[in-house]
Amino acid sequence: MDERRELIVGNWKMHATHLEAIQKVQKLSYRLRPEDFARVEVVVAPAFTALRAAQLVIETDHLLIRLGAQNVHWEDEGAFTGEVSAPMLAKLNVSHVIVGHSERRAMFGETDAVVNRKVKAVARHGMHPILCVGETLEQRESGSTEEVVVGMVREGLKGVTAEVVEAAAIAYEPVWAIGTGKNADPDDAGSVAELIRDTVRSRLGEAAADGVRVLYGGSVNPGNIRAFMAKRHIDGALVGGASLDPDVFAAVVRYWI
Ligand code: 13P
């Protein structure tokens with residue numbers, strides 16, 4: 001278990017132009033040390049328009065920060081106006097792609113079936129999916145958190161190989177905790193993370209369950225990250241608001257200091 005490298009991802013959502021992204025990546029790189037990267041894999045996921053600029057900074061300066069995307073289309077190419085494909089992202093050396101974020105499910109109609117196709121597209125092009133799952137407040141209050149989360153994991157990973165899942169991440173992001181300043185209770189989040197790992201084990205076996213990194217997301221900040229990382233089944237975090245300021249995000253990444 002302990003051999004899983006921690007993974008902390010900054011989801012910038014619809015913030016930062018490419019010029020701002022350059023500054024943020026540079027600033028973040030000043031704040032992090034090589035030892036930090038030995039322990040934590042650090043990914044930033046800017047908007048599509050900023051990916052190229054961020055890639056150039058990362059590669060020109062040999063930074064250890066990795067590049068993520070926030071969404072992808074499931075087809076490799078075609079008449080899909082306004083969409084971006086997995087081969088396009090792979091060509092930019094994007095390593096991780098966030099799939100099925102609750103904002104996309106709620107506002108852009110993404111179903112589990114669509115999310116599943118996207119997970120497969122990401123894997124097909126050698127990148128790692130970060131599959132997002134989580135219950136709404138209503139679902140939590142009606143006691144269906146476990147059922148909702150297990151269903152999203154099963155549907156999202158349908159037909160995906162154990163090898164892909166072993167190298168993938170699943171982010172538990174309770175919808176009510178996103179952008180609200182109300183983070184989940186770390187014990188609760190730890191239990192859901194364990195449930196996610198058990199679900200992966202029952203579907204895909206031990207190696208996939210051991211390798212998959214389970215992240216927590218929802219109002220993570222420098223003050224609460226430590227409590228989440230202390231949970232045995234939580235291997236990292238998906239961070240929204242607190243990833244936009246490089247000083248704050250660096251404090252999240254270096255949570256043990
Ligand atoms: P916040 O950290 O702003 O709550 O956002 C979480 C999130 O949605 C990350 O994907």
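Bear in mind that the values here come from a model prediction, so they are computed numbers and not experimental data. Every heavy atom of this structure was used, including side-chain atoms; hydrogens, water molecules and symmetry mates were not. The chain is numbered in sequence order, starting from 1.
Closest non-hydrogen pair, W176 versus T136, comes out as CD1-C, 3.8 Å. L67 and P46 make their closest contact through CD1-CD, 4.0 Å (heavy atoms, listed as atom of the first residue, atom of the second, distance).
A salt bridge is absent between D247 and K24; no separation between the charged side-chain nitrogens and carboxylate oxygens falls under 4.0 Å. For the pair D112 and R105, the salt-bridge criterion is met [side-chain N within less than 4.0 Å of a carboxylate O]. Salt bridge status for R201 with D198: present, with a side-chain N to carboxylate O gap under 4.0 Å. For K118 and E110, the salt-bridge test passes: some basic side-chain N is under 4.0 Å from an acidic carboxylate O.
Of the possible donor and acceptor atoms, one in the side chain of N224 sits under 3.5 Å from a partner among the backbone N and O of S219. Side-chain N or O atoms of D36 include one that pairs as donor or acceptor with a backbone N or O of R33 at under 3.5 Å. A donor-acceptor pair is defined here as one N or O able to donate and one able to accept, closer than 3.5 Å; such a pair exists between the side chain of Y216 and the backbone of G218.
In this structure the side chain of L215 reaches within 4.5 angstrom of the side chain of L7, judged on heavy atoms.
Applying the salt bridge (Lys or Arg N to Asp or Glu O under 4.0 Å) test to every pair with at least one member in residues 68-94, sequence neighbours left out, gives these pairs: E75-R117, D76-R124. Contacts classified as ring-ring contact (aromatic ring centres under 6.0 Å, His included) and involving residues 119-157 (residues at least two apart or in different chains) are given here: H96-H128. Listed by first then second residue, pairs satisfying salt bridge (Lys or Arg N to Asp or Glu O under 4.0 Å) with a partner in residues 93-102 number zero, not counting sequence neighbours.
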Item to check | From CA spacing to verdict: side chain to side chain contact (heavy atoms under 4.5 Å, CB included), K13, E103 | outcome: CA-CA 10 Å; K13 306 192 179 183; E103 287 154 12; 2.8 Å; yes
Next on the checklist: For V97 and L89: C-alpha separation, side-chain torsions, deciding distance, then whether side chain to side chain contact (heavy atoms under 4.5 Å, CB included) applies.
Outcome noted: CA-CA 9 Å; V97 183; L89 297 177; 4.1 Å; yes
Checklist entry - For E41 and R213, what are the C-alpha separation, side-chain angles and deciding distance, and is it a salt bridge (Lys or Arg N to Asp or Glu O under 4.0 Å)? => result CA-CA 11 Å; E41 187 167 13; R213 286 179 289 181; 2.8 Å; yes
Next on the checklist: Quick one, E166 with V212, criterion side chain to side chain contact (heavy atoms under 4.5 Å, CB included). Give me CA distance, side-chain angles, the key distance, then yes/no.
Outcome noted: CA-CA 5 Å; E166 188 177 342; V212 69; over 6 Å; no
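In the hydrophobic clustering, where aliphatic and aromatic side chains (Ile, Leu, Val, Met, Phe, Trp, Tyr) are joined below 4.5 Å either directly or transitively, V248 stands alone.
Among residues two or more places apart in sequence or in another chain, the side-chain contact (heavy atoms from CB on, under 4.5 Å) test is passed with I22 by Q26, A53, V57.
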Donor-acceptor list for residues 186-194 side chains, cut-off 3.5 Å, not counting sequence neighbours:
{"from": "D187", "atom 1": "OD1", "to": "K231", "atom 2": "NZ", "distance (Å)": "2.5"}
{"from": "S191", "atom 1": "OG", "to": "D187", "atom 2": "O", "distance (Å)": "3.0"}

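Note that OG1 of T145 is 4.5 Å distant from CZ of R140, once rounded to the nearest 0.5 Å.
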